[in-house]
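Please read all numbers here as calculations on a predicted model, not as lab measurements. In each ligand, atom 1 is the first atom listed, and ligand 1 is the first ligand listed.
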Amino acid sequence: MCGIVAVIGSQEAAPLLLSGLRQLEYRGYDSAGLATVGADKGDHLATLTCRRAKGKLNNLAELVDRKGSPGHLGIGHTRWATHGKPEEHNAHPHRDSSGSLAVVQNGIIENYRFLRNELESEGIEFASETDTEVIPHLIAREIKHLQTNGCSSSGSILLEAVQKVSLQLKGAYALAVVWAETPDALVVARRQAPLVIGLGEGEFLCASDTPALAGFTRTILPMEDGEVALLTPLGIELYDHTGQRQKRSPSFLTSAEHVVDKRNFRHFMLKEIHEQPETAELWVARHLPNGLPEEVPVALPFDKSFYEGIEQIQILACGTSRHAAMVGAYLLEQFAGIPTSVFYASEFRYSAPPLVPNTLTIGVTQSGETADTLAALSMESERRNSHVNSAYSSRQLGITNRPESSLARQVTNILDIGAGIEIGVAATKTFLGQLFAFYGLALNFAARRNSRQPDEIRTLLEELRSVPNQLKVLIEKHDQLSEDLAPRFSGTQDVIFLGRGINYPIALEGALKLKEISYIHAEGYPAGEMKHGPIALLEPRVPVISIATPGVVFEKVLSNAQEAKARDAQLIGIAPEGPETEIFDALMPIPEVSEWISPLLSVVPMQLLSYHIAAHRGLDVDQPRNLAKSVTVE
Ligand code: F6R
């Protein structure tokens, strides 16, 4: 997690850093800080100024406003605490003992204990509990060695010192370094954590994510794993991990990656929920054009060989992406007939199942930066590619909303869900985009493997085409309905979500949304599992939200809901209107659609209800406590 930003150029650095950090605050908001290098009025020598504040970015902005932070060169950081409490002394930037060299870092330095002991035994005193603080001390030590050995050109001495230190660091990190002795040089480095350079007019920037570059430039240069770069007012020098100079052409941000704006909505999350019809419309327009051949009903960027000879699929993901993967697994198994399993990426890394030949491994991550998912994919590709039998070799697909992310650089086949940037920490429109990606895959696999009749495929395609309009109507209706229901939850401490079959993952997603933004304890269960334990929790103060959509398990879910009602639970139904659904104390009506596409609609009332409950409680919906949008640490 954490977001870093760095700038060097002709303008004052502090306002640019603060504006970049504002766009990265979704990555962490426990504390924020910046360091600039410049000369105060009348002074000739450049000095380093460091400003840090606990809590949200506004606290830092006020501090900088009051005390200033001069210089045209600087680094900034917004923190999601890993090592050390979210206190000011643990906030980045961290400095060396002289106070003239500062570092911001995103990631985890796994061998920091060892390095810290070594530095402490040399008499270095530490000011924080963080893993990051070893870095400025190591760089300062390296600079001393280089100076003793006669290296004098200050820009290159900083570069060389960072190159040497990055070889000593274990773990995943992205970092930026400034030093008062080199007011014309900024050094950045990355390994398994994202970093993108932006080429602006009159300045060069570098940030953990592209929105921080928005407003300054559309021309970007994503750094590759292991690279170190020297940024000066004149240009960029890029080196790989062996120190070889690299030459690469920049790429350009699309307008969607550029726009980060709440429009007239109270929160990003609400705006993003309302953007879902557009997400669906775009997907239909891009992937369901008329006139596609019957054997490839969905336009996806893969050739025929991609679909051939697959015996099983395994999907690796975390959190909401994992719930989308579970719906995907249902579709791939039940519609396309391919055995499919879903794993928590964090578990798969250390307990992967025995290898099965001809396996497609799918990684789902909206950010494309989730450390556990990336590491699980890379572990899987290593163990498969080292197998003597080529039937076991790695075939991977990544589903992401960020085609410029680390995932896209790691996995060759990428399905871009194209939902546009999502700022609210709770994923909504990207979840919908991930679901659509799985419908596309399941349809193409089913068509190529003849696991479904052509008319079943045509029906599903038609149903998917109707989803954007259905979503529009549903969101308008449920926004008000959920706002009206929200006050009922003001004293609620526990909520149970029930679903079955293709809607079981939606019950899990409903519970996750509610937990993460309203801090109400919530659990999702397969409806038939209630009687095996969780039913003991039921009493009038525990609402049960049950998804009951017509299909193979409709009556079963209704009976499970009746069982809850018999225990005096308050029963809320996400179901079509009709005599069967009169059992619910409150109904959040959804249209009667085929079971296959029902998750695309049933998730919406869940999102809106969670949003309004949290907003009604006055909570910070877009930046819930302890969370961050992209989880780049293990
Ligand atoms: C929940 C949420 C998280 C993420 C999870 C994986 O609303 O956003 O549970 O889904 O951290 O993130 P990605 O999809 O970026 O890998």
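Closest to atom 11 (O) of ligand 1, if we only count protein heavy atoms, is Val631 CG2, 3.9 Å. Considering only non-hydrogen protein atoms, atom 12 (O) of ligand 1 sits nearest to Thr370 OG1, 3.5 Å. If you check which protein heavy atom lies closest to atom 15 (O) of ligand 1, you get Ser367 OG, 2.6 Å. Protein heavy atom closest to atom 5 (C) of ligand 1, with residue, atom name and distance, is Cys318 O, 3.7 Å. Summary of contacts: the protein heavy atom closest to atom 10 (O) of ligand 1 is Thr320 N, 3.0 Å. Regarding atom 7 (O) of ligand 1, its nearest protein heavy-atom neighbour is Glu516 OE2, 2.5 Å.
One side chain, Thr210 or Arg402, offers a donor N or O that lies under 3.5 Å from an acceptor on the other. In this model, a donor atom of one side chain and an acceptor atom of the other lie less than 3.5 Å apart for Ser598 and Asn503. In this structure, a donor-acceptor pair under 3.5 Å is present between the side chains of Tyr307 and Asn444.
Taking the ring centroids of Tyr29 and Trp80, they lie at or beyond the 6.0 Å cut-off. Side-chain rings of His274 and Phe265 approach one another, their centers coming within less than 6.0 Å.
Short contacts between ligand 1 and Ala426, defined as distances under 4.0 Å to a heavy atom of the residue, involve ligand atoms 7 (O). Residue Ser321 has at least one heavy-atom neighbour below 4.0 Å for each of these atoms of ligand 1: 10 (O), 13 (P), 14 (O). Every atom of ligand 1 is numbered from 1 in the order shown, and the set under 4.0 Å from a heavy atom of Gly319 is 9 (O), 10 (O). Each of the atoms 7 (O), 8 (O) of ligand 1 lies under 4.0 Å from some heavy atom of Val425.
With a heavy-atom cut-off of 4.0 Å, Glu369 does not touch ligand 1 at all. The proximity of Lys513 to ligand 1, defined as any non-hydrogen pair under 4.0 Å, is limited to the side chain.
Distance alone, capped at 3.5 Å, places no donor-acceptor pair between the Arg190 side chain and the Gly226 backbone. Remark: side-chain polar atoms of Gln607 are not paired, donor with acceptor, to backbone N or O of Lys513 under 3.5 angstrom.
Every residue was checked against the ring-ring contact (aromatic ring centres under 6.0 Å, His included) condition with Phe489, not counting sequence neighbours, and none meets it. Every side chain to side chain donor-acceptor pair (under 3.5 Å) that Ser406 has, sequence neighbours left out, goes to Glu369.
Of the N or O atoms in Val364, none lie within a sub-3.5 Å distance of an N or O in ligand 1.
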